[in-house]
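Notes to accompany the following structure.
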Amino acid sequence: MTSISSASPALTGNDPKNRLFGPLPDVSAEAGYVEEHPKRVGFFTDTSVCIGCKACEVACKEWNTLPMDDSHGTRDVIGLSGMSYDNTGQLGANSWRHVAFIEQTRVVDLPMPAVGLPGALNRPEMPAPDSGDLDSTAKAQASVLNAEALSEFDPQTAQTGADKQIRWLMSSDVCKHCTHAGCLDACPTGALFRTEFGTVVVQQDICNGCGYCVPSCPYGVIDQRKDDGRVFKCTMCYDRLTDGLMPACATACPTQSIQFGDLDELQERADARLATLQSQGVETARLYGRDENDGVGGNGAFFLLLDEPEVYGLPPDPIVPARDLPAMWKAAATGAAMIVGVAVSAVLGSRRR
Amino acid sequence: MPGLGASFGRGGATNFLEDLANSDCIVIEGSNMAECHPVGFQWVTEAKARGAKIVHIDPRFTRTSAIADLHVPLRIGTDIAFLGGLIKYVLDNDLYFKDYVVAYTNAAALVGEEFVDAEDLDGLFSGFDAESGHYDEASWQYEPEEAPHSSSEDPTGAAEQDRTEQHPDVKDADRAQAAGSGGPPIPAKPKRDETLQHPRSVFQILKRHFDRYTPEMVSEVCGIEPDVFEQVAQWVTSNSNRDRTTAWVYSVGWTQHSVGAQYIRTCSILQTLLGNIGRPGGGIMALRGHASIQGSTDVPTLFNLLPGYLPMPHSLQHHTLDDYCADAEGKAGFWGNKRSYMTSLLKSYWGDAAQPGNDFAFDYLPKISGDHSSYQTIAEMIEGKVYGYFLVGENPSVGHPNGRMNRFGLANLEWLVVRDLQMIESATFWKESPEIETGELAPETIGTEVFFMPAASHVEKEGTFTQTQRVLQWRHKAVDPPGDAKSDLWFYFHLGRMLRERLKDSTDPRDRPLLDLTWDYPTQGTDAEPSAEDVLREINGVGPDGRALSSYMQMKDDGSTSGGCWIYCGVYADEVNQAARRKPGREQGAVASEWGWAWPLNRRMLYNRASADPAGKPWSERKKYVFWDEEAGEWTGPDVPDFEKNKRPDYVPPDGAKAQDAIGGADPFVMQGDGKAWLFAPSGLVDGPMPTHYEPAESVVENAFYKQQANPTLERIGGPWNRANPTRSEVFPFQVTTYRLTEHHTAGGMSRTLPYLAELQPEFFVEVSPELADLRGLTHGDFATLVSTRTALEAKVLVTERVRPIKLRDGTVVHQIGMPYHWSYAGISTGDSANDLLGIVLDANTHIQESKVSTCDIVPGRRPRGPALLEFVESYRRRAGVDSGRVGLNGRAPDDAPMVKGQSGS
Amino acid sequence: MKTWLDAWPVYRQFTGSDPLGRGKAARSKATEATVSRTATADRVVQSVCPYCAVGCGQKVFVKDEKVVQIEGDPDSPISRGRLCPKGSASKQLVTSSTRVTTVKYRRPYGTEWEDLDLDTAMEMIADRVLDARRKGWQDEFEGKRVNRTMGIASLGGATLDNEENYLMKKLYSAMGAIQIENQARI
Amino acid sequence: MTSGIATPGAGWRKADGAAAQKNQKRRRRGNGRRGRNAEMAMVDEAEFTSYYGRPIIKAPVWKTPDVPLYLFLGGAAGTSSILAALADASARPSLSRVGRFVAGGGAIASVGFLVHDLGRPERFLHMLRVMKPTSALSVGTYILSPFSAAAGATAAVELLGWFPRLKRFGGAVSALFGGPMATYTAVLLANTAVPSWNHFHTKLPFVFAGSAMAAGGGLCMIFTPVDEAGPARKMAVAGAAVELGVVHQIESDESIVSEPYHLGRAGRFMQAAKTCTAAGAGLTVVAGRTRLGAVASGTLLAAGSLLTRFGVFDAGMASARDPKYTVIPQRERMAARDREHASTITR
């Protein structure tokens, strides 16, 4: 029998088994599934093949019967966000998958050709068009684009026009099912728990809506449903997993941008995919959440990105808050002792009457 | 699609989606595949993962472009110029697949001396009659091997046929579409020059025709850099040879143009020259937009077709069954058996009442006499000539261009039956349409009686869909439909039953067709649902022994067989519903022949005999597919050979051979009269034997190729409710294109009503370039108003660099506006309807509207409301010098409308 | 007592293998009873997606005569079990609360919908079809025999089944209606 | 990832054309309070990227004023209970009585606020399902429960005048939990991903400890006769000094996450808090021995403490809502790691 105190790295500051931070080879065993348990499963989201169709979002909502969402937890308020084709906005209590859309350009260093148009002349109320500078335009076009330049071009990037290159990044975000999950650490009721599959799930019969998990997630995943009071997030379709099925989003994903499977196998696949892309010259490709030495011990749901994480709304270097928990408790204990000390000296130092 | 039909003999996609994974290069043009067919797109991403080059040619940078290796932002409506440029590139640089072209195409055929190319007539071919706007195809014909009629058994009939074939009313009746399965008839076999050197050989004509499609010209017309063109040309040609194949993918981005069929023709020519047809990883993939749009042309509810692409009888041509079959009698290929197919159809319709003595009840069929297509019918509705209208799962008020005109049509009916799942706009036009707000319509003036009949959803009934690659898939019924909802099968069966009951004592001969109809389908369940399986069996056909036929080759012209759609014959072979086959894909080979059933005869890749060389050997090991097994004496491979199984590759048809026997052993295009793929189409298309670049009907650019600005045969429907924006008008200075988004479905009845989809694209928006936004003062996220001669709309503005202004060499800049068309006033996600902005101009081949390109103006802010909107649009018309668009009561022409107090036309 | 204590996760924390209470010890009754609704469905029916023409296979799960889930059919060689957002929303399409499931009738010049019995509606439509057919009838057109009616037109969506299209064209042809069109034209 | 924050995406920029999307270009207070090396300066100039300016982490869903009030009351109650127990032991019945009332009242009210803040208040007992050292709220539950029970009961019997021995025992128990009660709430805030809380995880407990002493002492001063209130005054002044000192450390920290303590509403709260606390402490020293002075200074101290809680709370909320407070420190951390890594390699 283990006693709480001896097993509580948070309080003792002694974390030799990496229970708060660092690589953890078997998350399920750490969570008490010491006997035979399934291998840890996860998602590998390869954004280089994402077509932004949002099938994942819909399949998720259908399976989990989530309410319609404006991403702030209130219902029936919909409107165009203006954020490219993303009208979901962010992960939330009602959106457990969120496809981010990022339109980017890379300007080819050229004077922008002037713009004119037929028919604007007789519209005096409109700004008068500049007359097109034929020569510079033509020259620019001729000098910039040649077959050689194109073949050197980042294969992930489609080309449009001479003066700028365009790419449109899409990425389906989801709960990371961290090795060290801030939400799980924070939950005071045990509503959040780690499953035998190594995933992190909210038990809706337990959650009392304290909301502590919400700011504890370094990715901003979990959120409270205002009219319900409880918190919600991706369960990696725990119920489907118990039936031997894949999560709804991965089942639907048309291009296998979302891949589900045993985490170790996904990691191998991701490494191979990264190598392929890099050999094709996609220099911007990188894995995110793959590294078990990162601040959350690696993610159960990790990504291949084509730009910096923050471009997609992901934190570049997330750290599970509990990493510093021993230090915090130490400071709190010192603070408490200080109070007692101050109080005692105040009493002793005061003359009676 | 006549573009494919006239080229290869069948209108269906030549390959299947899974086969795209075998491509070495995929060009997606006129399609936004990743957005509109996301699940099909998995085969493109798979090809890409295997190293294939993916090119996306589209005016907009879309979600397809995002995954492509190269995006080519060509100007809207210039695909023929681009593809023509590629054809020239291939011909000039001798990059065509020589052995393939000589053996399998009509390159060597000689064209008659009377033919004059568009090159020499400034954009018109010989035979054009400016008055009627129609071509006479006589001068486009081959130079015959022998005198034209000597081989025909029915010289008089054929001559008659030839004369009427060119009648404008017959042309209007859309004969081209009858090439859906079976190429257009040709009078005789042509003279050939196997060296391809004869100046009147198709090959040389083609060379001359495309001579002016230089890279510079392509660059100028399409607004792209010559190097981008060069890159595409290089990828495509280096991936088209014995070892490699290139696939082309298109969709309504091609068909919805006034030269839509010719877009597809241009691609067909290119793909044929490159030897990519009938080979794995090659072909032309036509992506249809609806679950069974292929099925809806195969088993058509189209005015000009009977099932299996048999033409609807025409009043000028087809008085008897003999007349009807005259063009086919004694001809090679498909046409040779037309009488068997038609007789079987008539037997399916009228059973015992169809006897040799009464021409198998041929006369029971009503005759068409011109264009009775949808838009023509709408125009007639407005004139009050049509009394009743059925809308069955269709929402023309939103889904059709010029919604206002469509709604005027509906407002002038006596009655309207709408069958749908949700309360769609076409059912509520009488109280909620935009014209109520403008005062053009009012419930009190609309006499249309409307019946909304709830329909069953796809899981509440059984039946087959034919998907984009011609595969029929049976859907099993999961649950009963709710409430009064019924399947369309139920509705039509019982409606027919009730009509027959009402007429059962009638002696009027006009009621005989109804009373003699075979209409005794067994029903099941409490609501007496007819058996769809029984209907499918009837479509399949039954032989004299009472058993289901297994092939259309068994069909007879003596009335001993029946069959409702000859190309579907075999779907019920061995009395088994073959469309219901569900052998898991992973348990079969890549072709997966045991999943569902594909027409014809379960062939998944059409013309696959062309995957072998003339001697029957695979062109290469890498691209091995169907080949001749000498030992077994048959064609073999992973797919069903699209060829007679035991016809030797060296088979030469004997003199006087008919039908399939007249097709040689090295002629893969078995549906064509000559067994060849057509680089030059002597018939089958009404607007020219070869494609030429014309500007769209509404364009801001002058045609740089020819004096002829737009397609000379394009079809317009005139009226105050369908005004056209003048070409190169300064009042309408911007091009606008319509399209779909992944998150919605066409007119939105199946998506705007669903919360999960509505929230993903919650509002109507338009996409504009930052340059246009600057020019017009448009603000991202704010409203803008778009105006045409039809109406004005408001939409939220998305400013995006994905839309690019096209800079032409003469300095003009063409601004293009993108406009998804899913919205209207009903449902959860609402907005103005994009289609209201468009006019109706039609491709004369298909009567499909040009909704992919038109012109408009755009200004910041919201549109005027109520009657002010009418005045706003009218002021644009005035400025553009266009006739008034004011209408009278219920949208009728102001003159013949009865005057109602306070409501007179201007 | 033991059982009662066992039900208290803190006790399980102290006595079991999950001292931090982040896994096994924290499991609730509902969690232990988790079951997928695909597992409890009465039957699974193979169907095809009704949206675009790719023709993705769908599996329809039915429980108590209600559709409880629609998802991709991995058996399909065309779609391999995948669906787009529309296909994924099929259950919502089928079970939509805004679906109209009774006949609605708008009389001429009426301003509101009225309810109508299905049988009555069918009778009324049959009457109107015969009437319009008669009024629009043409034996001849420009001197040529056409034996048709111009009084009835039809426009079908391309989500009609082949069997439905077939019956429609057959019936329309027999009644002489020719202005029969389909989304396929659009 | 060596490209560093100066070149996110190797030249790729968000293609917007939309003014709405251009709001995330710059950063940072410009007062040049930076010491470090040139590399840091380069970091300063870097643009930081975000997804349309959207926050990366979710701001706490806790209600205000419930939670700041809870923080305040818990602290005041905790320190008061200690003061009360010691007063009892040192025969200061008035101070002890007042301390017990403040502790009891504060404890009961905190429980009320805590329960009210739950999304599903009826499930507040679920807090006792598990005991999680990783969760400050769980640990806090096992502090708050005995504390509030003991403090509440003690106050009750004090009021009723029953069971004097039990009262003393209850007072002792609540005093035992009083210290943790006052400081665990700092861990509650710090053990989150909220940048302006988490970064100061070793400082916040002292802010809260100081603030709690100022509040507890201040409140006791108000109600205790000045003769007996000496310990309260001393504790209050000491607490105020600690609070002011540590808050100053936080506000002058290098990191950008100290910025929210200066800006906006949080900045105004913090400024007012400092003013109140400093004034209260000064007034205590000067006039704490007069009844009026005790009331005034006690009130100021309590108000200062309350404002500090609101300020800290708001600063955290503000830091959660702006992605720059999440991204920039993380980028700096990565850059530092890279430098360290580079130096180990060259060594």
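Below, read A as the first sequence line, B as the second, and so on, with proteins coming before strands; counting in each chain starts at 1.
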Quick one: of [options], who has the most non-hydrogen atom pairs under 4.5 Å with chain C?
options                        : result
B/E444, B/R582, B/H37, B/E743  : B/R582
B/P38, B/A485, B/S315, B/A592  : B/S315
B/P513, B/G483, B/A478, B/S751 : B/A478
B/W519, B/Y568, B/F41          : B/W519
B/D480, B/L503, B/L306, B/D298 : B/L503
B/K461, B/Q294, B/Q376         : B/K461

More than 12 heavy atoms of other groups within 6.0 Å of C/R43 CZ: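 Atom CZ in C/R43 is crowded, with more than 12 foreign heavy atoms closer than 6.0 Å.
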Atom NZ of C/K66: over 12 foreign heavy atoms under 6.0 Å: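 12 or below, so no.
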Between [Y] and [X], do the side chains contain a donor N or O and an acceptor N or O under 3.5 Å apart?
X      : Y      : answer
B/H372 : C/Q179 : no
B/Q422 : C/T98  : yes
C/N165 : B/S296 : yes
C/K170 : B/T518 : yes
C/N162 : B/T466 : yes
B/T301 : C/E181 : no

Search all heavy atoms of [X] against all heavy atoms of [Y] and return the closest pair with its distance.
X      : Y      : answer
C/M122 : B/L495 : CE-N, 4.0 Å
B/M381 : C/A153 : CE-CB, 4.2 Å
C/P85  : B/L757 : O-CD2, 3.6 Å
B/V459 : C/S47  : CG1-OG, 4.3 Å
B/S487 : C/E164 : CB-OE2, 3.9 Å
B/L754 : C/S96  : CD2-CB, 4.3 Å

So, [X] side chain and [Y] main chain: donor-acceptor pair closer than 3.5 Å or not?
X      : Y      : result
C/E163 : B/V535 : no
C/R106 : B/F451 : no
B/Q473 : C/G55  : yes
B/E414 : C/A132 : no
B/R510 : C/G176 : no
C/K86  : B/H744 : yes

Do [X] and [Y] make a side-chain contact, defined as non-hydrogen atoms from C-beta onward lying under 4.5 Å apart?
X      : Y      : answer
B/K583 : C/P77  : no
B/M498 : C/I125 : no
B/K431 : C/W113 : yes
B/I446 : C/Y109 : no
C/L160 : B/F465 : no
B/K367 : C/K144 : no
B/P454 : C/V103 : yes
C/D75  : B/W595 : yes

Could you check whether [X] pairs with [Y] (Lys NZ or Arg NE/NH1/NH2 to Asp/Glu carboxylate O, under 4.0 Å)?
X      : Y      : value
B/R475 : C/D161 : yes
B/D511 : C/R134 : no
B/K477 : C/E65  : no

If I take atom [atom1] from residue [X] and atom [atom2] from residue [Y], how far apart are they, to the nearest 0.5 angstrom?
X      : Y      : atom1 : atom2 : value
B/H400 : C/L155 : NE2   : CG    : 4.5 Å
B/Y349 : C/S173 : OH    : OG    : 4.5 Å
C/R133 : B/Y387 : CZ    : OH    : 14.5 Å

Side chain to side chain donor-acceptor pair (under 3.5 Å) between C/Q183 and B/H290, worked out: CA-CA 9 Å; C/Q183 169 68 31; B/H290 301 246; 3.0 Å; yes
Under 4.5 Å heavy-atom distance to chain B, tell me which part of [X] shows up: side chain, backbone, both or neither.
X      : answer
C/C49  : backbone
C/V129 : both
C/V54  : both

Qualifying salt bridge (Lys or Arg N to Asp or Glu O under 4.0 Å) pairs with a residue from residues 117-130 of chain C, counting only residues at least two apart or across chains: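 Passing the test, one end in residues 117-130 of chain C: B/E449-C/R128, B/R502-C/E123, B/R502-C/D127.
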All pairs passing salt bridge (Lys or Arg N to Asp or Glu O under 4.0 Å) where residues 11-27 of chain C contributes a residue, at least two apart: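 Pairs touching residues 11-27 of chain C that pass the test: A/E30-C/R22, A/E35-C/K24, A/D185-C/R22, A/E196-C/R27, C/R27-C/E32.
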Does any backbone or side-chain atom of [X] lie under 4.5 Å from a heavy atom of chain C? Answer side chain, backbone, both or neither.
X      : answer
B/L17  : side chain
B/D363 : both
B/V386 : both
B/E501 : neither
B/W350 : side chain
B/E460 : side chain
B/A579 : neither
B/L472 : side chain
B/Y521 : side chain
B/P300 : backbone

Check against side chain to side chain contact (heavy atoms under 4.5 Å, CB included), B/S348 and C/Y166: CA-CA 11 Å; B/S348 283; C/Y166 178 78; 3.4 Å; yes
Parallel, tilted or perpendicular, as decided by the 30° and 60° cut-offs, for the rings of B/Y492 and C/Y172: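 Plane angle over 60°, so perpendicular.
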Positive for side chain to side chain donor-acceptor pair (under 3.5 Å) with B/S369, one of C/E142, C/Q138, C/E140, C/R148: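 By the side chain to side chain donor-acceptor pair (under 3.5 Å) criterion, B/S369 pairs with just one of C/E142, C/Q138, C/E140, C/R148: C/R148.
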